[in-house]
Trainee: 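Encoded as structure tokens, here's the structure I'll be asking about.
The chains referred to below are lettered A, B, ... by the order of the sequence lines, with proteins before strands, and numbering in each begins at 1.
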Protein chains: 2
Amino acid sequence: MGKYHHGDVRNVLLQQAENILTKEGPSGLSLRRLARLTGVSEAAPYRHFDGKDGILAAVAIDALERFAERLENVAAQVENHQERVMALGAAYVHFAVDFPQHFRLIFGRERPPLDQYPELREAADNAFDVLQRAVTSVDRSANMTLNEAATAYNRALAAWSRAHGIAMLVIDGMIVPPADQNLDDFVLGLLAEDLTAPEHH
Amino acid sequence: MGKYHHGDVRNVLLQQAENILTKEGPSGLSLRRLARLTGVSEAAPYRHFDGKDGILAAVAIDALERFAERLENVAAQVENHQERVMALGAAYVHFAVDFPQHFRLIFGRERPPLDQYPELREAADNAFDVLQRAVTSVDRSANMTLNEAATAYNRALAAWSRAHGIAMLVIDGMIVPPADQNLDDFVLGLLAEDLTAPEHH
DNA sequence: CCTATAATGTTAACAAAGTTAACATAAGAA
DNA sequence: TTCTTATGTTAACTTTGTTAACATTATAGG
């Protein structure tokens with residue numbers, strides 16, 4: 001009689017890893033605990049994943065796909081090109097606030113090395129592509145010349161950086177969004193600030 | 001005869017912790033290894049620090065002080081108010097690239113909780129204050145009304161976020177600065193991008 | 001100067017983690 | 001059926017954070 005656990009242990013492990021990550025973050029995700037909670041031997045995960053990094057990579061890819069999906073949904077709902085870029089920035093931060101542990105896993109120090117997990121790099125690039133396409137469409141709508149469009153990539157990087165910086169500082173507790181204001185509005189305000197010209201409003 | 005290690009073990013431990021951090025990052029900083037490298041018993045650090053978080057906090061405070069110092073130096077060297085904000089952003093990123101491990105320790109997940117180490121929070125606030133003062137001086141030079149100046153804090157947050165986002169994405173390998181360009185110039189370019197108005201140059 | 005007490009060391013032990021080796025069983029192809 | 005591979009298991013090894021129990025030094029008060 002099979003005292004062995006069978007079935008798709010891999011998927012069960014992944015799902016359980018998701019649960020642990022959400023509740024306790026990447027540091028709380030211990031292979032042994034994961035195995036115990038899943039009801040499987042402590043060495044079983046090594047049959048399905050390339051050690052701890054392997055599991056982290058799998059979870060990170062999953063998270064990145066949902067992240068990109070969410071960004072695409074937002075992008076599809078906003079008609080105006082410039083508003084779309086802003087909305088994406090807000091959605092970016094919103095995701096980080098909703099799923100700080102996933103966000104940290106995706107971009108933080110415990111993310112497995114990108115060059116060791118090509119699918120991970122690909123998933124990350126996909127998310128950035130959504131932002132880049134939005135920025136490019138702004139540039140096109142402004143009838144930019146080809147020469148000017150060459151900087152479109154830089155403009156996308158700038159948009160990405162702003163959203164990323166806000167997201168990081170917020171989930172790390174360095175920036176505390178005002179309690180009496182909608183998070184998205186707060187973020188949109190920060191994204192719209194122009195540092196070189198203080199005569200706004 | 002004193003087979004016991006004596007002298008200011010605390011300082012030696014701190015210095016050694018600095019070395020390890022620089023070479024291997026916060027994860028490589030193990031208390032036992034630190035003690036061994038310092039030539040002291042494996043439990044000795046607990047006499048001088050409040051466990052691992054205690055040491056991390058001490059190192060982080062040190063790093064933050066040098067970070068703030070560097071920012072202040074840059075701020076003092078630039079006359080023009082607006083250029084000063086930009087230069088600070090570039091210096092912010094430059095520090096992150098020069099000392100990625102320190103930067104990660106300061107802002108990342110393994111930083112001990114701010115509310116548990118008041119001196120740590122103070123050191124972090126100091127660094128941000130440099131940015132905030134620079135932004136405020138731009139606003140003042142533009143003859144802002146008091147009402148408008150109320151948003152100065154938000155403008156400082158925006159400046160901070162941009163620099164922070166670029167720094168994070170660069171040291172995490174998501175943004176790769178062009179090899180044929182000066183790092184500061186690249187950063188200044190990103191900081192100056194205005195997302196809502198593509199008609200530049 | 002002597003002695004009680006606090007500060008600073010030490011060694012030894014504990015539990016938890018990542019990982020691997022050695023072995024056991026199930027499933028499928030030949 | 002039988003050989004091979006995939007998938008489990010248990011047991012061990014190393015490292016880490018932490019604490020307890022004990023040893024030594026420094027220092028303050030008499």
Side-chain angles (χ1 to χ4, degrees), chain A residues 1-21 23-60 101 104-105 108-113 116-117, chain B residues 1-21 23-60 101 104-105 108-113 116-117:
Chain A
M1 34 195 172
K3 65 177 171 179
Y4 278 15
H5 202 292
H6 58 299
D8 59 346
V9 179
R10 201 195 126 101
N11 281 343
V12 182
L13 281 174
L14 255 185
Q15 181 57 50
Q16 195 64 253
E18 262 282 334
N19 291 344
I20 299 180
L21 176 77
K23 277 182 281 186
E24 323 199 13
S27 345
L29 209 170
S30 120
L31 277 201
R32 300 181 92 117
R33 215 155 79 79
L34 170 62
R36 255 173 288 151
L37 290 183
T38 308
V40 87
S41 93
E42 296 185 333
Y46 288 87
R47 297 293 177 193
H48 300 277
F49 298 95
D50 182 18
K52 185 167 190 177
D53 268 7
I55 289 198
L56 287 180
V59 177
Q101 313 293 12
R104 248 191 270 276
L105 172 61
R109 198 191 47 79
E110 31 249 343
R111 181 198 61 204
Q116 212 164 340
Y117 295 88
Chain B
M1 33 193 165
K3 65 176 172 183
Y4 277 17
H5 203 292
H6 59 300
D8 58 346
V9 178
R10 202 194 126 100
N11 281 342
V12 182
L13 281 174
L14 256 185
Q15 180 57 49
Q16 194 63 254
E18 262 282 334
N19 291 345
I20 299 179
L21 177 77
K23 277 182 281 186
E24 323 197 15
S27 345
L29 207 169
S30 118
L31 277 203
R32 301 182 91 116
R33 215 156 80 79
L34 171 60
R36 256 173 288 152
L37 289 184
T38 309
V40 86
S41 93
E42 295 185 334
Y46 288 89
R47 297 293 178 194
H48 301 276
F49 298 96
D50 181 19
K52 184 167 190 177
D53 268 6
I55 289 198
L56 286 180
V59 177
Q101 312 293 13
R104 249 191 269 274
L105 173 61
R109 200 192 46 82
E110 31 248 342
R111 181 198 60 204
Q116 210 163 341
Y117 295 88

Trainee: Quick check: on DNA chain D, is the nucleotide nearest Gly51(B) upstream (toward 5') of the one nearest Arg47(B), or the reverse? Name the residue that is more 5'.
Mentor: Gly51(B)
Trainee: Check every atom of dT19(C), dT10(C), dT16(D) against the side chain of Arg36(B) and return the nucleotide holding the closest atom.
Mentor: dT16(D)
Trainee: If you look at every heavy atom in His48(B) and Leu13(B), which pair is closest and at what distance?
Mentor: CD2-CD1, 4.5 Å
Trainee: Could you state the atom-to-atom distance from CG of Asp53(B) to P of dT16(D) in whole Å?
Mentor: 17 Å
Trainee: Could you list the donor-acceptor pairs under 3.5 angstrom formed between side-chain atoms of residues 50-57 of chain A and any protein atom two or more places apart in sequence or on another chain?
Mentor:
unit_1	atom_1	unit_2	atom_2	d
Lys52(A)	NZ	Leu29(A)	O	3.1

Trainee: Just the table, please: protein N/O against nucleotides 11-13 of chain C N/O, every pair under 3.5 Å.
Mentor:
unit_1	atom_1	unit_2	atom_2	d
dA13(C)	N6	Arg32(B)	NH2	3.4

Trainee: What pairs with Glu24(A) under side chain to side chain contact (heavy atoms under 4.5 Å, CB included), at least two apart in sequence or on another chain?
Mentor: Arg33(A)
Trainee: Roughly what angle, to 10°, lies between the helix axis at the start of the helix from dC1(C)-dG30(D) to dA30(C)-dT1(D) and the one at its end, five pairs per end?
Mentor: 10°
Trainee: Round to the nearest Å and state the distance from Arg33(B) atom CZ to dT14(D) atom P.
Mentor: 18 Å
Trainee: Considering just the side-chain nitrogens and oxygens of His48(B), establish if one lies under 4.0 Å of OP1 or OP2 belonging to dG9(C).
Mentor: yes
Trainee: Where the side chain of Ser30(A) is defined as all heavy atoms beyond and including C-beta, which of dT10(C), dG18(C), dT16(D) is the nearest nucleotide?
Mentor: dG18(C)
Trainee: Looking only at non-hydrogen atoms, find the nearest pair between Ala17(A) and Leu34(A) and report the distance.
Mentor: N-CD1, 3.6 Å
Trainee: Just how far, in rounded Å, is P of dA17(C) from CG of Leu37(A)?
Mentor: 10 Å
Trainee: With sequence neighbours left out, what residues match Arg109(B) under side chain to side chain donor-acceptor pair (under 3.5 Å)?
Mentor: Ser27(A), Glu110(A)
Trainee: Between atom CG in Leu56(A) and atom P in dT19(C), what is the gap in whole Å?
Mentor: 10 Å
Trainee: Under the side chain to side chain donor-acceptor pair (under 3.5 Å) rule, collect the residues that match up with Gln116(B), sequence neighbours excluded.
Mentor: none
Trainee: Starting at CD1 of Ile55(A) and ending at P of dT19(C), how long is that distance when rounded to a whole Å?
Mentor: 10 Å
Trainee: For the side chain of Lys52(A), starting at C-beta, report the closest nucleotide among dG18(C), dT18(D), dC22(D).
Mentor: dG18(C)
Trainee: Without decimals, in angstroms, what is the distance between Phe49(B) CZ and dA7(C) C1'?
Mentor: 15 Å
Trainee: For Leu13(A) and dT7(D), what is the distance between atoms CG and P respectively, to the nearest whole Å?
Mentor: 12 Å
Trainee: Go through the structure and list residues passing salt bridge (charged side-chain N to carboxylate O under 4.0 Å, His left out) with Arg32(B), not counting sequence neighbours.
Mentor: Glu42(B)
Trainee: Considering all heavy atoms of both residues, which atom of Val40(A) and which atom of Val9(A) are nearest to each other, and what is their separation?
Mentor: CG2-CG1, 4.3 Å
Trainee: Of all heavy-atom pairs between Leu21(B) and Pro26(B), which one has the smallest distance, and what is that distance?
Mentor: CD1-N, 3.5 Å
Trainee: Give the rounded distance in Å between these two atoms: CZ of Arg10(A) and P of dT7(D).
Mentor: 10 Å
